[in-house]
Amino acid sequence: MSRVHDVIRRYKASVEVVRHGVEIFIIGDPAGARLNTAVRRLAHAVSEDGSDARGNLLRAANALRWRRMTQPQPGGFHPAVTEAANAVVREARMLRGAVADEVLLDEIAAAAQGVRHTDSPVGGELWRSIEEADPSICAVVANSNRARAGLQEWLNSLSVPVLLPGELGDVSERVVQLYVAGPPSFFPPSLATAPAADELTFLMPAWFRHRAIPVSRLADQADGAIRARVREWTVGDLSEPESPISDDESMEDTYYPQPIWHGRISGDREPAPDEAEAWKVLLAGNLAIWLDDGDRIRALDPRQPEGERVTYAAVEDVVPGTYLVLRDGETEHGAMYEAALHLTGSRAGEIEATQRGWKTALEARLASRGARASIAELRARGVKSAARVRAWTEATLISPKHEHDLVLLLEWLSLPVEPSHRNAIALRRAVYQASADLREELEDAVSRADLAALDRDGHLRLDIKREGFRSIVVARVQARSPYTEIMPRPHMRVPFFDRSGEWLE
């Protein structure tokens, strides 16, 4: 479908949505309501005493509540609910005797057990609605990769596609009905303002109170902004337990599981030559990496056709949902450097010597003048990427990205341009060749991997035969820290165990 055709189609769908309105099915869910009440009481207690003693319990319970809302498939297709419910029961048991309100612990554990043992009524209503409308004209919208994977497995027998909001441009023209699994506020405004189908229906549990359709931040300034009317329908048993926490009470009640950030601890200082500023990136599978400001990092795009899935992502583009391809135990740079040196054959010794020479001179200059002054001097000479001068001392980083920057750098160091410049360029080309060879092997391994499991679990290991690359992990980015930390360079881009993102989607 051409972009023009898609725009025309969406204009037509907008007309229909404005004419008929957006439907919201508000579905009774007593088991989920009991859990919601218990989680809100727990969140209130945690905010009152300011302690994180019950933090793990709250995070697990919040994740369970989130999955109840956004992944309404039956339990047989929902190991994530069992996982979170078991964690709630385990954390509540561990806290007995350590906190005063054991009645609340018992209640939240019982509520978690109730959710684990009962299917979501939202899922039942979704299935019934699809069958009634005709599965061939329907599609379902999920709000995360994990939710999509579980819903797709469940709905396969109906041959109904499950898509993320960003994928709706690929929806078939036969689809006239979109069912959205979750409350409107968990989805972008474009679902209603630039709809991909004529009819839009949200399905959500009655215990979640926020039902307004989100609008674009530009809507108030736009002339004739789309504001679809809402038609609400209630279904099932709407009973809920009484809650001591008022719905309008001012308290932090985040439904979306949050990452754990502990704040910057390295202070406002310059990194040492063997250190770098890095963002902490939380990955699926209880992994994390420190991501420096290098130009790019190897990534995987499962949506691309076979043979084109392994690619590179710019560091600034590493965001939640990105799949990173990482070498266990050590950064890929070291192995690529060794492979590239091997490809240079008899020139390897000379290349290593000139690389070591200018990097040693650079380390000495940085030590004597400091990074800030050095950056200023290099910028004055026209070095475009001067801000990365500290990174250039790393042995496996071949040279500045721009060839002319290396020339200017060597002149600043009062070193002869040749043969250092020529050798660095030769080594960089060898790295490109080694990287291309590895990419072919990775593509082959990906073609044999279970990408459905990657979509569901967010991580998998690839079977690579190449020496030094036999332990490769693909993991989805869950969150990226809003600040950098100063870390040793050998720690960069090396996966390590970290539970800070355990309950993120």
Side-chain angles (χ1 to χ4, degrees), residues 144-146 148-149 152-153 161-164 166-167 169-170 281-285 287-289 291-292 294-345 396-398 401 426-478 480 492-496:
S144 72
N145 286 280
R146 190 168 194 172
R148 175 180 60 180
Q152 188 66 79
E153 183 182 6
V162 182
L163 305 166
L164 298 176
E167 300 170 340
D170 301 326
V281 176
L282 303 179
L283 306 170
L287 295 173
I289 62 167
L291 180 64
D292 59 349
D295 295 327
R296 59 183 189 169
I297 185 169
R298 201 180 293 274
L300 175 74
D301 188 346
R303 298 169 298 179
Q304 296 303 313
E306 187 173 321
E308 300 178 20
R309 291 171 178 147
V310 179
T311 181
Y312 280 99
V315 166
E316 59 267 25
D317 294 333
V318 174
V319 295
T322 305
Y323 287 93
L324 299 182
V325 181
L326 303 163
R327 184 176 178 227
D328 250 351
E330 185 180 343
T331 177
E332 182 184 312
H333 290 321
M336 281 288 98
Y337 185 86
E338 293 301 322
L341 275 177
H342 179 74
L343 288 175
T344 61
T396 58
L397 197 155
I398 309 301
K401 181 179 179 180
L427 184 56
R428 180 189 290 171
R429 288 170 181 161
V431 166
Y432 290 159
Q433 181 59 56
S435 181
D437 293 343
L438 175 61
R439 180 183 178 278
E440 289 185 12
E441 294 187 43
L442 289 170
E443 286 285 4
D444 180 62
V446 170
S447 70
R448 292 182 274 108
D450 183 0
L451 294 184
L454 176 63
D455 206 20
R456 181 186 65 247
D457 302 328
H459 62 98
L460 58 76
R461 294 192 177 273
L462 297 179
D463 180 21
I464 302 290
K465 304 301 183 185
R466 171 183 288 224
E467 186 67 32
F469 285 92
R470 290 178 179 169
S471 185
I472 296 288
V473 62
V474 180
R476 185 166 60 231
V477 173
Q478 307 284 60
R480 176 172 171 165
M492 299 299 149
R493 307 189 182 200
V494 179
F496 60 92

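Owing to the predicted nature of the structure, the values given are computational and were not obtained by experimental measurement. Throughout, residue positions are numbered sequentially from 1 according to the sequence presented.
Residue pairs meeting the salt bridge (Lys or Arg N to Asp or Glu O under 4.0 Å) criterion with at least one member in residues 304-319, sequence neighbours excluded, do not occur.
Distance check: Arg429 CZ to Thr344 OG1 gives 13.5 Å after rounding to the nearest 0.5 Å. Rounded to the nearest 0.5 angstrom, Tyr432 OH and Ile398 CD1 are separated by 9.5 Å. In this structure, the separation between CG on Asp328 and CG on Leu287 is 7.5 Å, given to the nearest 0.5 Å. Here the CD-CG distance, from Glu443 to Leu462, works out to 10.5 Å after rounding to the nearest 0.5 Å. To the nearest 0.5 Å, atoms CD1 (Ile472) and CG (Leu326) are separated by 8.0 Å. In this structure, Leu291 CG and Arg480 CZ are separated by 5.5 Å, a value rounded to the nearest 0.5 Å.
Counting all heavy atoms, side chain and backbone alike, Ala340 lies closest to Ala434 at N-CB, 4.3 Å. The minimum heavy-atom distance linking Ala284 with Gly458 is given by the pair CB-O, 3.4 Å. Of all heavy-atom pairs between Tyr312 and Ser435, the closest is OH-OG, 2.6 Å. In plain terms, the two heavy atoms of Lys401 and Arg428 that are nearest each other are O-NH1, 3.2 Å.
Each of Arg439, Glu440, Glu441, Gln304 was checked for a side-chain contact (heavy atoms from CB on, under 4.5 Å) with Val310, and the lone residue meeting it is Arg439. The one candidate from Ile297, Val477, Leu282 that meets the side-chain contact (heavy atoms from CB on, under 4.5 Å) condition with Ile289 is Ile297.
Other residues, nucleotides and ligands contribute at most 12 non-hydrogen atoms within 6.0 Å of the CZ atom of Arg303.
At least one side-chain heavy atom of Leu438 sits less than 4.5 Å from a side-chain heavy atom of Arg298. Within the 4.5 Å cutoff, side-chain heavy atoms of Leu454 are placed close to those of Leu300. Residues Asp455 and Gln152 form no side-chain contact, since every pair of their non-hydrogen atoms from C-beta on lies 4.5 Å or further apart.
For the pair Asp450 (side chain) and Ala452 (backbone), a donor-acceptor distance under 3.5 Å is present.
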Worksheet entry | CA sep, side-chain torsions, deciding dist, call: Glu153, Arg456, salt bridge (charged side-chain N to carboxylate O under 4.0 Å, His left out) | CA-CA 10 Å; Glu153 183 182 6; Arg456 181 186 65 247; 5.1 Å; no
Practice prompt. Run the numbers on Val473 and Leu283 for side chain to side chain contact (heavy atoms under 4.5 Å, CB included), then give the verdict.
Written response: CA-CA 11 Å; Val473 62; Leu283 306 170; over 6 Å; no
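Partners of Arg146 by side chain to side chain contact (heavy atoms under 4.5 Å, CB included), not counting sequence neighbours, listed by chain and number: Arg67, Gln71, Ala80, Glu83, Ser144, Arg476, Glu505.
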